[in-house]
Amino acid sequence: MSFVHTLRVRYNECDPQGVVFNANYLTYADLATNELWRDELGGYDTFLHGGHDVVVAEANVHYLAAARFDDLLDVAITVDRIGTTSIVQRFTMTRDGTDVAEVVLRYVCVGRDGRPAPVPDVLRERLAVHLTDPAPAPS
């Protein structure tokens with residue numbers, strides 16, 4: 001089951017050609033992740049106060065169509081994998097049912113010392129409902 005966050009493209013996110021500048025799709029993924037975690041965990045701060053954090057270890061963007069100023073984009077998030085220390089989220093961005101971009105981010109959980117740490121049980125449980133394949137992932 002995907003989580004969907006809708007956002008409106010702002011003028012300052014567009015390049016001189018009038019389309020969304022490529023790096024902003026990563027910002028859209030980050031915004032949608034914040035909303036997913038707010039919905040599932042009560043906010044990112046709750047996660048941080050538990051002594052955990054995540055860092056992006058890998059980012060891939062596949063551009064499919066141009067998004068422009070004032071477009072409404074639906075950002076659907078699914079979770080491809082929850083491993084021992086990492087989470088892979090997939091973001092499908094659409095405008096009026098047309099795929100605009102797909103972003104895949106691999107996050108690594110870290111402790112306060114900044115070193116890789118196991119995915120906390122609460123995060124694993126809350127994100128499991130968004131898994132594309134609910135079968136347990138190999139560690």
Side-chain angles (χ1 to χ4, degrees):
M1 173 174 63
S2 64
F3 173 87
V4 179
H5 174 66
T6 302
L7 56 87
R8 186 175 299 277
V9 174
R10 296 173 296 184
Y11 183 79
N12 69 315
E13 297 165 345
C14 298
D15 62 20
Q17 292 84 21
V19 299
V20 172
F21 179 68
N22 57 48
N24 285 320
Y25 291 96
L26 294 171
T27 298
Y28 297 161
D30 188 59
L31 290 168
T33 295
N34 249 350
E35 295 307 319
L36 169 64
W37 288 33
R38 183 185 329 279
D39 192 59
E40 293 294 345
L41 297 168
Y44 191 71
D45 283 347
T46 302
F47 185 67
L48 290 174
H49 292 314
H52 310 285
D53 202 354
V54 293
V55 295
V56 174
E58 185 177 354
N60 294 289
V61 184
H62 187 146
Y63 303 100
L64 302 165
R68 299 179 183 283
F69 167 65
D70 217 31
D71 281 352
L72 280 176
L73 298 181
D74 289 323
V75 182
I77 305 174
T78 54
V79 178
D80 284 357
R81 180 179 187 281
I82 303 173
T84 303
T85 60
S86 66
I87 300 162
V88 178
Q89 288 185 175
R90 180 175 306 272
F91 305 80
T92 303
M93 301 178 192
T94 59
R95 176 194 58 242
D96 297 324
T98 299
D99 288 350
V100 171
E102 183 177 74
V103 174
V104 178
L105 295 177
R106 182 171 57 89
Y107 299 94
V108 173
C109 289
V110 296
R112 290 194 175 152
D113 61 359
R115 300 178 64 124
V119 174
D121 290 339
V122 66
L123 184 59
R124 183 180 300 279
E125 292 165 11
R126 300 286 174 85
L127 293 183
V129 299
H130 302 288
L131 276 167
T132 52
D133 179 7
S139 297

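Small disclaimer: the values here were computed from a predicted structure and weren't measured.
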Minimal heavy-atom distance between Val4 and Ala76, with the atoms involved, is CG2-CB, 4.0 Å
So, Arg95 side chain and Ala66 main chain: donor-acceptor pair closer than 3.5 Å or not? yes
In short, Ser2 meets Thr78 closest at the heavy-atom pair CB-CG2, 3.5 Å
Residues His49 and Arg112: closest non-hydrogen pair is O-NH2, 3.4 Å
Practice problem: Starting from the C-alpha separation in whole Å, work towards a yes-or-no answer on side chain to side chain contact (heavy atoms under 4.5 Å, CB included) for Leu26 and Leu105. | Solution: CA-CA 9 Å; Leu26 294 171; Leu105 295 177; 4.0 Å; yes
Here the gap from Thr33 atom OG1 to Arg38 atom CZ, rounded to the nearest 0.5 Å, amounts to 12.0 Å
_Measuring only between side-chain heavy atoms, which start at C-beta, is Leu64 closer than 4.5 Å to Val100?_
no
Quiz item: So do Ser86 and Arg81 actually touch side chain to side chain, heavy atoms under 4.5 Å?
Solution: yes
>> Hydrophobic clusters here meaning ILVMFWY residues chained together by side-chain heavy-atom distances under 4.5 Å, can you tell me if Ile87 and Val108 are in one?
In response: no
A side-chain contact here means heavy atoms from C-beta on lying under 4.5 Å apart; do Val103 and Val75 qualify?
no
Between the CD1 atom in Ile82 and the CD atom in Glu125, the distance rounded to the nearest 0.5 Å is 10.0 Å
Would you say Val54 and Cys109 make side-chain contact, with heavy atoms under 4.5 Å?
-> yes
d(Asp74 CG, Asp99 CG) to nearest 0.5 Å is 11.0 Å
Heavy atoms of Asp80 and Arg90 approach each other most closely as OD2-NH2, 2.6 Å
* To do: Would you confirm whether the ring centroid of Tyr25 sits within less than 6.0 angstrom of the ring centroid of Phe91?
  => no
Item to complete: Mark yes or no for whether Arg124, through its side chain, and Gly83, through its backbone, hold a donor-acceptor pair below 3.5 Å.
Response: yes
Check: Taking a hydrophobic cluster as the set of Ile, Leu, Val, Met, Phe, Trp and Tyr residues connected by side-chain heavy atoms closer than 4.5 Å, whether directly or through intermediates, do Val122 and Val119 fall within one such cluster?
Finding: yes
field: Non-hydrogen side-chain atoms of Glu58 and Val88 separated by less than 4.5 Å
entry: no
If Ile, Leu, Val, Met, Phe, Trp and Tyr residues are connected whenever their side-chain heavy atoms lie under 4.5 Å apart, and connections chain through other members, are Val61 and Leu73 in the same group? yes
For Val110 and Gly114, the nearest pair of non-hydrogen atoms, with its separation, is CG1-O, 3.6 Å
Discussion item. Please determine whether residues Leu7 and Phe21 belong to a single hydrophobic cluster, defined as Ile, Leu, Val, Met, Phe, Trp and Tyr linked transitively by side-chain heavy-atom distances below 4.5 Å.
Written reply: no
Between the CG atom in Leu72 and the OG1 atom in Thr94, the distance rounded to the nearest 0.5 Å is 10.5 Å
Exercise for the section: Give a yes or no on whether Leu131 and Val104 share a hydrophobic cluster (residues Ile, Leu, Val, Met, Phe, Trp, Tyr; joining criterion: side-chain heavy atoms under 4.5 Å apart). Expected result: no
Requested in this report: Give the intermediate values and the outcome of side chain to side chain contact (heavy atoms under 4.5 Å, CB included) for residues Ile77 and Glu35.
Outcome: CA-CA 10 Å; Ile77 305 174; Glu35 295 307 319; over 6 Å; no
- Query: Would you call Leu123 and His52 a side-chain contact if the rule is heavy atoms closer than 4.5 Å?
  - Reply: no
In terms of heavy-atom contacts, Arg8 and Glu13 come closest through O-OE1, 4.2 Å
Exercise. Take the angle between the ring planes of Trp37 and Tyr44 and call it parallel below 30°, perpendicular above 60°, tilted in between.
Key: tilted
